[in-house]
Amino acid sequence: MAGPVGVYISVPFCKAKCTFCNFASGVFGAERMQLYVDRLCEEMRTSRAAVQNIAASLARTVLPRTVDAIDTIYFGGGTPSLLSAQQFRQIFQDLRGEYDLTKDVEITLECAPGQLSDETLAELRQQGMNRISFGVQSFADRETAAVGRLHTRQQCEAELARVRSAGVHEINIDLIAGLPHQTALSWRFSVEQAIASGAPHLSVYMLEVDDESRLGREMLEQGTRYGASSVPSEDDTADWYQQACIAFRAAGVEQYEISNFARHGHQSRHNLKYWQRLPYLGFGLDAHSMLPTDTGAVRFANTSDLDEYLGNATTTPFRLLESASDTAAAPEFDVIGRDEAFEESLFLGLRLNQGVDLNHLRNQFGNAMIDEAMPVLLEVRDAGLLELKSETIRLTPQGRLVSNEVFNRLLISAAA
């Protein structure tokens with residue numbers, strides 16, 4: 001069944017790396033950024049042939065949906081707004097050379113406040129960019145400075161006004177609960193400022209410190225750099241997340257996913273693809289792709305090593321799959337069967353507030369899988385983490401706080 005797909009474009013460059021970040025991103029010079037864009041565009045130019053080859057190789061058993069057109073594009077990172085106007089022009093030229101874009105295509109740019117030039121903004125608007133996600137993290141300057149962010153509250157407010165004057169009104173603001181030096185009072189201030197901004201989409205993440213990040217290493221060593229000794233407790237962070245959920249709902253910004261809230265009609269169409277297991281292609285460093293099949297899915301991913309990606313673009317999955325007569329020649333290629341597809345449908349669907357329709361799962365996977373999963377679903381329900389009404393299951397507010405624990409229990413049960 002042909003249909004539109006989403007496209008994720010990874011831009012792993014930052015002006016400064018946040019202390020809590022352990023993503024495949026970093027600070028690099030202009031020459032390396034241009035080399036990256038060239039490799040990225042080469043990858044996109046080979047992708048259609050690769051997708052067609054996947055379909056041909058699997059036709060006897062499972063046939064992926066072909067790529068009809070693109071209806072969402074998401075520039076993530078890193079800080080994609082650091083690319084120049086010319087580089088974005090180059091990317092869109094090659095992307096449009098391979099695929100048609102739907103008339104209502106959603107094009108999102110992740111952006112750090114103060115790091116989007118007028119020239120780049122104008123070029124992106126000309127290319128159809130209609131949504132911006134600002135990594136504000138906090139409206140308290142001390143907190144953003146502590147984790148290496150370079151913007152202030154005043155800059156955030158000025159940026160919101162500037163992009164709106166340029167015609168971009170689909171705006172998301174990211175907040176993080178649990179930053180160093182954060183207090184109940186400062187968190188309430190950030191939540192109130194986010195609501196007052198009028199942004200139709202808000203995201204709240206509870207800080208998860210990776211042991212390999214600078215902040216994580218400092219916390220393990222019980223040091224004081226980066227505000228490591230001032231990171232709030234997990235209990236406080238969870239309380240603040242819940243407070244934000246209540247405040248946003250009172251302001252008409254409804255939660256639709258564990259970390260995402262939107263006014264009516266302003267949900268992120270691209271991110272919904274991940275949770276609803278709709279097809280997407282990923283280009284660039286550490287980018288992932290997923291094409292549904294009749295019995296599961298086809299998944300593949302790029303390397304997270306920048307030197308490897310830049311040094312030999314012929315080893316990207318799209319290049320390998322374009323020329324491979326046998327999909328086994330590409331080690332990144334992974335066929336997801338019915339059992340794994342069922343598990344994904346369950347735990348990805350539970351991220352959404354609307355939950356999972358069991359009748360829909362039955363139609364896809366049959367009664368046996370539902371029957372096998374039901375004992376653990378009832379166990380989690382009895383623990384107060386899951387709600388089961390009629391034929392719909394969804395996480396409770398408490399379940400959203402410990403969603404990873406819930407998903408792990410479901411996966412362990414499925415593997416038993």
- Query: Taking only residues at least two apart or on different chains, which pairs with a member in residues 80-98 satisfy salt bridge (Lys or Arg N to Asp or Glu O under 4.0 Å)?
  - Reply: R45-D94, R89-E123

- All salt bridge (charged side-chain N to carboxylate O under 4.0 Å, His left out) counterparts of R131, not counting sequence neighbours: none

- Can you list the residues that meet the ring pair (Phe, Tyr, Trp, His ring centres under 6.0 Å) rule with H151, with sequence neighbours excluded? none

- Could you give me the CA-CA distance, side-chain angles and deciding distance for D305 and T303, then say whether side chain to side chain donor-acceptor pair (under 3.5 Å) is met? CA-CA 5 Å; D305 186 304; T303 177; 5.5 Å; no

- Query: Between F407 and F347, how do the two ring planes meet: parallel, tilted or perpendicular, split at 30° and 60°?
  - Reply: tilted

- Task: Check whether the side chains of E254 and H264 place a donor and an acceptor atom closer than 3.5 Å, and report yes or no.
- Result: no

- Task: Using ring pair (Phe, Tyr, Trp, His ring centres under 6.0 Å) as the criterion, list what pairs up with F261, not counting sequence neighbours.
- Result: F248

- Task: Keeping the roles fixed (side chain from W275, backbone from L352), state whether a donor-acceptor pair exists under 3.5 Å.
- Result: no

- Salt-bridge criterion met for E405 and R409 (N-O under 4.0 Å): yes

- Task: Answer yes if the side chains of S81 and E110 hold a donor-acceptor pair under 3.5 Å, and no otherwise.
- Result: no

- Between atom CG of L291 and atom CZ of R277, what is the distance when rounded to the nearest 0.5 Å? 11.5 Å

- Message: Just verifying a value: how many Å separate M44 CE and L95 CG, rounded to the nearest 0.5 Å?
- Response: 5.5 Å

- Task: Look at the side chain of R142 and the backbone N and O of H181, then say whether any donor-acceptor pair between them is shorter than 3.5 Å.
- Result: no

- Qualifying residues under salt bridge (charged side-chain N to carboxylate O under 4.0 Å, His left out), relative to D174, sequence neighbours excluded: none

- Task: Could you tell me whether a side-chain N or O of S345 sits under 3.5 Å from a main-chain N or O of A341, the two making a donor and an acceptor?
- Result: yes

- Task: Rounded to the nearest 0.5 Å, what's the gap from CZ on F134 to CG on L109? Could you check?
- Result: 8.5 Å

- Have E43 and N302 got a donor and an acceptor in their side chains that come within less than 3.5 Å? yes

- Message: Please check if the number of heavy atoms outside R164 that lie under 6.0 Å from its CZ is greater than 12.
- Response: yes

- Query: Looking at F88 versus F75, is the centre-to-centre ring distance below 6.0 Å?
  - Reply: yes

- Query: Who are the side chain to side chain contact (heavy atoms under 4.5 Å, CB included) partners of E387, not counting sequence neighbours?
  - Reply: K389, R394, T396

- Query: Would you say Y99's side chain and V5's backbone share a donor-acceptor pair under 3.5 angstrom?
  - Reply: no

- Query: Could you state the interatomic distance from CZ (R400) to CE (M206), rounded to the nearest 0.5 Å?
  - Reply: 11.0 Å

- Check: S10 side chain, L285 main-chain N or O, donor-acceptor pair, under 3.5 Å: yes

- Task: Tell me, please, which residues at least two apart from D118 pass salt bridge (charged side-chain N to carboxylate O under 4.0 Å, His left out).
- Result: R162

- Message: The criterion is side chain to side chain contact (heavy atoms under 4.5 Å, CB included); which residues satisfy it with Q93, sequence neighbours excluded?
- Response: none

- Message: Surrounding CD of Q364 (heavy atoms of other residues, nucleotides or ligands, distance under 6.0 Å), is the total greater than 12?
- Response: yes

- Relative to the ring of Y274, is the ring of H270 parallel (under 30°), tilted (30 to 60°) or perpendicular (over 60°)? perpendicular

- Query: N363: what forms a side chain to side chain contact (heavy atoms under 4.5 Å, CB included) with it, not counting sequence neighbours?
  - Reply: none

- Task: Supply the atom-to-atom distance L348 CG to Q276 CD, rounded to the nearest 0.5 angstrom.
- Result: 10.5 Å

- Item | Ring center gap for F365 and H360 short of 6.0 angstrom | no

- Item | G282 backbone acceptor or donor facing S289 side chain under 3.5 Å | yes

- Do Y36 and F13 have ring centres separated by under 6.0 Å? yes

- May I ask you to check whether N172 and S133 show a side-chain donor-acceptor distance below 3.5 Å? yes

- Query: Do any N or O atoms from the side chain of Q267 and from the backbone of R269 form a donor-acceptor pair under 3.5 angstrom?
  - Reply: no

- Task: Determine which pairs satisfy salt bridge (Lys or Arg N to Asp or Glu O under 4.0 Å) with at least one residue from residues 353-364, sequence neighbours left out, and list them in order.
- Result: R362-E391

- Query: What distance do I70 atom CD1 and L281 atom CG have between them, rounded to the nearest 0.5 Å?
  - Reply: 7.0 Å

- Item | Q34 and Q90: side chain donor to acceptor below 3.5 Å | yes

- Name all residues meeting the salt bridge (charged side-chain N to carboxylate O under 4.0 Å, His left out) criterion together with E192; count only those two or more places apart in sequence or in a different chain, and write none if there are none. none

- Results of side chain to side chain contact (heavy atoms under 4.5 Å, CB included) for H288 - residues two or more places apart only: D286, A301

